[in-house]
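The analysis underlying the following values was restricted to heavy atoms, covering all of them including side chains, and did not include hydrogens, waters or symmetry mates.
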Amino acid sequence: MYEPEEKQEKIERTDSKEQNPGMRTSGETNSGGGNQVRTRRSRRQSRVPMPPRNEAATRRPSLTVRDISKRNSTFKDKIQKSLPKHIEGKSSNEQVTVLKRRLMIFDVCSAAFALVGLIVAFVENELFWNNGMTSNTLCTLLRVFITVTSIIVAILVFQHYQIELQILISRKILLPGMSLWRTPLIWKCLFEAIFNLIHCPPGLDWTLQNRQLGNHFEMSFNAYISVIMIGRLYISFRLFDHFTYWTDDRAVRVCKFNGFQADPKFAIKAYLKYRSFIVLSTGLVISIIVFGIATRVYERPLSADWRRHQFEFIWNSFWCMIVTMTTIGYGDIFPVTHFGRLVVIGVCIWGVFLLSLIVVALNNNTQLNDKENKVYEDMIIQSNVKSQLRDEAAKMIQLYVRLTLLRRANAPPIERFRVKIDYINIWNTFKRKRRIVTYQVESVSDILHDLHQGVNNDVKQFIELLDVGPRLHDDMSQLIHLQERFRHD
């Protein structure tokens, strides 16, 4: 029986101790070593012997390196079996890249077949209506083509989810070997496949009798189905996951680093913020076309005398959608049937949503960034300073004229001095503000020159004050003498 090395070592030590009781081991001290061995041996002998147990049944099988490598190889084989053959042996990142390329091909093909089938369905509906709601050879051929495209789209949808499952397995989100039927993706796959299979097959020329507003009219089953087929346009939104800057490999890494996934929803949000007017204008045009066609299909059979040929022309239906989405509502063209009104209710809600997004986009685009805001503030300051410069220039002219008149009239020096002081102060303020407007930066020599000139002016003013002082003293003494003389008189 296999025993560990430590256990064998213990047995050898105890045997050697029994043969040489005076021998000390590394764990025993110098004093009392033999006594400790005897006490341990006596304790072991005093124990009650346990019944022998089957160690082979209780012991866990030991895993060797060969068993672990065998398990890893079987795990890798399961992963490789669940992946396509042309990407076996590559790393997980390369596998995801190849699978995404395949997914892009399938999504482009499904979107193309869905769009072509939808266009052909509306063309066939027009021919069916013009032929008196009876099928001819061309209508039958077109319906066969629609059937083929619907089956192809359903198959491509199933392949789309198969590749998504393989991507999740490659990213180790799901366990290898899982089938699509054992994952929650199967419900989405079945719903989309059934929805894309909805179409009017060849030979189905049913008509439904309706009565509304006192009028009888017939609505073909083909008309209802053709409007439902508009929902296939959802496949085109998947292309955002393959052909946008916001869902490429770099965007996926950045989004994963920040804790969320780069999906078509994120791409649409980014485009609404980055290219808001392009996205909103495109959505507005597509909405007008799609809702206009749907309303025309439902409203055309009701041809009452008071509204004859309102929806015969597609442009009238487009005009009705524009008026409705912009919440104007002239009332010249309006729906009457129940399904037509239901479509217009959706148009009203969608139009309010689009208009609110347009207002937000306008607000965001009209806001100034930091640099533009700085330039705007500088320009506002310049305009205010220019208006102040005009006022100060007018004051300077008035003071200069007044000072000239005072000099010619030999006015008292104190009055001329006050006018000159006001003139100098306004002139200094005018020069400083003018530099702000003209973006002139003063050099050190200019600043020193201004300081020197200012000091000279102050000295001159002080000298003039000294000259005026004695004159003021004489005038005051004369005034006091006159007052005393007037009192005595």
Side-chain angles (χ1 to χ4, degrees), residues 82-88 90 93-125 141-171 174 179-181 183-202 225-249 251-252 261-268 271 279 282-283 285-286 289-290 293:
S82 63
L83 295 174
K85 293 183 179 180
H86 65 280
I87 61 172
E88 292 180 358
K90 296 185 179 180
N93 293 330
E94 293 177 351
Q95 291 172 359
V96 171
T97 304
V98 175
L99 289 171
K100 277 192 172 183
R101 195 177 296 117
R102 289 188 62 196
L103 186 65
M104 178 189 69
I105 295 171
F106 281 111
D107 287 344
V108 170
C109 293
S110 61
F113 278 108
L115 184 60
V116 171
L118 181 62
I119 294 171
V120 173
F122 278 103
V123 172
E124 189 273 332
N125 185 32
L141 291 175
L142 291 177
R143 288 187 183 182
V144 170
F145 180 79
I146 294 167
T147 303
V148 173
T149 56
S150 300
I151 295 171
I152 292 173
V153 171
I155 294 171
L156 291 173
V157 166
F158 182 77
Q159 291 294 325
H160 170 85
Y161 283 99
Q162 278 289 119
I163 297 173
E164 275 197 355
L165 176 64
Q166 294 171 4
I167 291 173
L168 293 176
I169 292 173
S170 300
R171 288 177 174 173
L174 296 179
S179 63
L180 185 62
W181 299 94
T183 60
L185 296 174
I186 187 61
W187 301 109
K188 292 182 181 180
C189 179
L190 290 176
F191 176 78
E192 291 187 19
I194 294 170
F195 181 77
N196 286 288
L197 285 173
I198 295 174
H199 67 285
C200 188
I225 296 299
S226 61
V227 174
I228 294 173
M229 288 177 66
I230 295 175
R232 294 186 182 184
L233 293 174
Y234 81 93
I235 300 177
S236 60
F237 287 100
R238 287 178 177 170
L239 301 181
F240 278 94
D241 200 12
H242 307 292
F243 297 101
T244 60
Y245 169 76
W246 307 101
T247 54
D248 58 359
D249 295 336
V252 170
Q261 187 177 0
D263 51 0
K265 188 187 295 184
F266 168 70
I268 294 172
Y271 268 113
V279 175
T282 305
V285 172
I286 293 174
I289 294 172
V290 171
I293 292 172

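Taken to the nearest 0.5 Å, the CD1 atom of Ile163 stands 8.5 Å off from the CD1 atom of Ile105. Rounding to the nearest 0.5 Å gives a distance of 10.5 Å between CE of Met229 and CG of Leu197. With rounding to the nearest 0.5 angstrom, the CG atom of Leu180 is 8.0 Å from the CG atom of Leu190. Once rounded to the nearest 0.5 Å, the distance linking OG of Ser170 with CD of Glu94 reads 11.5 Å.
Summarising the geometry of Leu165 relative to Thr183, their closest heavy-atom pair is CD1-CG2, 3.8 Å, with the distance given to 0.1 Å. Smallest separation of non-hydrogen atoms from Phe195 and Gly231: CE2-C, 3.6 Å. Contact record, Ile146 with Gly117: CG1-O, 4.1 Å, taken as the closest heavy-atom pair. Considering every non-hydrogen atom in both Trp246 and Phe266, the closest pair reads O-CE2, 3.4 Å. Minimum heavy-atom separation, Arg102 to Gln166: NH1-OE1, 4.3 Å. Closest heavy-atom contact between Val157 and Cys189: CG1-O, 4.2 Å.
The backbone N or O of Phe240 lies less than 3.5 Å from a partner atom in the side chain of Thr247, making a donor-acceptor pair. Put simply, the side chain of His160 never gets that close to the backbone of Phe158: no donor and acceptor are under 3.5 Å apart. At distances below 3.5 Å, at least one donor-acceptor pair connects side-chain atoms of Arg232 with backbone N or O atoms of Asn196.
In this structure the side chain of His242 never reaches within 4.5 angstrom of the side chain of Lys100, judged on heavy atoms. Using a 4.5 Å heavy-atom cutoff, the side chains of Ile235 and Val153 are in contact. Contact check for Gln95 versus Val98: no side-chain heavy atoms found under the 4.5 Å cut-off. In this structure, Ile230 and Phe122 have side chains that are in contact, with non-hydrogen atoms separated by less than 4.5 Å. Considering only heavy atoms from C-beta on, Leu99 stays 4.5 Å or farther from Leu103 through its side chain.
The number of heavy-atom neighbours closer than 6.0 Å to CZ of Phe191, taken from other residues, nucleotides and ligands shown, is 12 or below. Within 6.0 Å of CZ on Phe243 lie more than 12 heavy atoms contributed by other residues, nucleotides or ligands. Residue-environment remark: OH (Tyr161) exceeds the threshold of 12 foreign heavy atoms within 6.0 Å.
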### Message
Using the rule given for side-chain hydrogen bond (donor to acceptor under 3.5 Å, both in side chains), can you reason through Thr147 versus Ser150, listing the C-alpha separation, both sets of side-chain angles and the distance that settles it, and then say yes or no?
### Response
CA-CA 5 Å; Thr147 303; Ser150 300; over 6 Å; no
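A salt bridge links Arg238 with Glu192: the closest approach of a Lys/Arg side-chain nitrogen to an acidic carboxylate oxygen falls below 4.0 angstrom.
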